[in-house]
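A short worksheet on the structure shown next.
First the proteins, then the strands, lettered A, B, ... as listed; each starts at 1.
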Amino acid sequence: MAETPALDSVDPVTAREFRAAVLEHYRLEGRSFPWRDTHDPWRILVSEFMLQQTQTIRVLPKYLAWFERFPDMECLVDAPLADVYEAWRGLGYNNRALRLRQTAREIVSDHGGSVPVDERSLMALPGIGRYTARAILAFAFGKPGIVLETNIRTAFIFHFFPGAVGVSDRELEPVAAATMDEADPRTWYYALMDYGAWLKKREPNPGRQSAG
DNA sequence: CTCCTGCATA
DNA sequence: TATGCAGGAG
């Protein structure tokens, strides 16, 4: 890291005010989910696999049923593929269920059964890219990092690039860095996601741009 | 960069 | 019925 001198595209006062507003919104209207009530890295990992492709409302019952059937990582490692697909049914993208089992297997075989705590190792696992790796680090381990996801992009664009279309992640990253709550990235990103989701409900399509 | 998925929505 | 989605992979 540290090749681009991240100049402040957001001054500290603006960043602080933005943080305060988002956290206040979270306090008033923040959502509650079972995967937010745990720090268990495996549970958070499973939730992120599901949330990659499916909205929270539909993930919720599947997530709960999943852990009824596969209470821990080892249960999934040993599970027949047919059982895995059956538990996944309704979420779509069956290949990702396969990748989730493969990730469980690799965590057991290569990491002693513990979800790795570094981005590179996480990204080496099948089905885990930059977003999911950093989300796991933030939500399970409280490690700060730049996490860009659709709702978070919406929140940043709405406030810092109002009306703009096609804002790139390269442009959003300095904003993410300047506004992040290093002391509590977990709460911060929950709040930011909820705020973005809330904005989308009110004003559809404030703009999106995929990763590069 | 493009392609992929399985569902939701237009 | 066609297109959009949202993240990972190639």
Return the value, rounded to whole Å, for the distance between atom [atom1] of [X] and atom [atom2] of [N].
X      : N     : atom1 : atom2 : result
A:R58  : B:dC7 : CZ    : P     : 9 Å
A:N95  : B:dC3 : CG    : P     : 18 Å
A:Q55  : B:dC7 : CD    : P     : 13 Å
A:L122 : C:dG8 : CG    : C1'   : 14 Å
A:L100 : C:dG7 : CG    : C1'   : 15 Å
A:R134 : C:dG7 : CZ    : P     : 13 Å
A:Q52  : B:dC7 : CD    : C1'   : 16 Å
A:M50  : B:dC7 : CE    : P     : 15 Å

Using distance alone, with no hydrogens and no angle criterion, decide if A:Y131 and A:E48 have a side-chain donor and acceptor under 3.5 Å apart.
->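 Per modelled atom types, A:Y131 and A:E48 side chains form a pair under 3.5 Å.
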Please tell me which of the listed nucleotides, C:dG7, C:dA6, B:dA8, lies nearest to the side chain of A:K200?
->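 Shortest atom-to-atom distance from the side chain points to C:dA6.
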So which nucleotide from B:dC7, C:dA9, C:dA6 ends up closest to the side chain of A:R99?
->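 Between B:dC7, C:dA9, C:dA6, the one nearest the side chain of A:R99 would be C:dA9.
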With a 4.0 Å cut-off on heavy atoms, is A:L91 in touch with a base, just the backbone sugar-phosphate, or nothing at all?
->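 Result for A:L91 = nothing.
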Report yes if the distance between the aromatic ring centroids of A:F18 and A:F160 is under 6.0 Å, otherwise no.
->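 A:F18 vs A:F160: aromatic centres under 6.0 Å.
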Centroid-centroid under 6.0 Å between A:Y195 and A:F158 rings |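 Centroid distance A:Y195-A:F158: not below 6.0 Å, so no.
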C:dG7 phosphate, OP1 or OP2: any side-chain N/O from A:R153 under 4.0 angstrom?
->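 Answer yes for this pair, as a side-chain N or O of A:R153 is under 4.0 Å from OP1 or OP2.
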Phosphate OP1/OP2 of C:dG8 contacted by A:T132 side-chain N/O (<4.0 Å) |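 So the side chain of A:T132 is within the cut-off, an N or O lying under 4.0 Å from OP1 or OP2 of C:dG8.
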N/O donor-acceptor pair, side chain A:R96 with base C:dG7, under 3.5 angstrom =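 Under the 3.5 Å cut-off, the side chain and the base do form a donor-acceptor pair.
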Side-chain donor or acceptor of A:R134 paired with backbone N/O of A:G145 under 3.5 Å |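 Such a contact is absent between A:R134 side chain and A:G145 backbone.
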Identified ring-ring contact (aromatic ring centres under 6.0 Å, His included) counterpart of A:Y63 within the set A:F70, A:W35, A:W88, A:F49 =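 Result: among A:F70, A:W35, A:W88, A:F49, A:W35 is the only option passing the ring-ring contact (aromatic ring centres under 6.0 Å, His included) with A:Y63.
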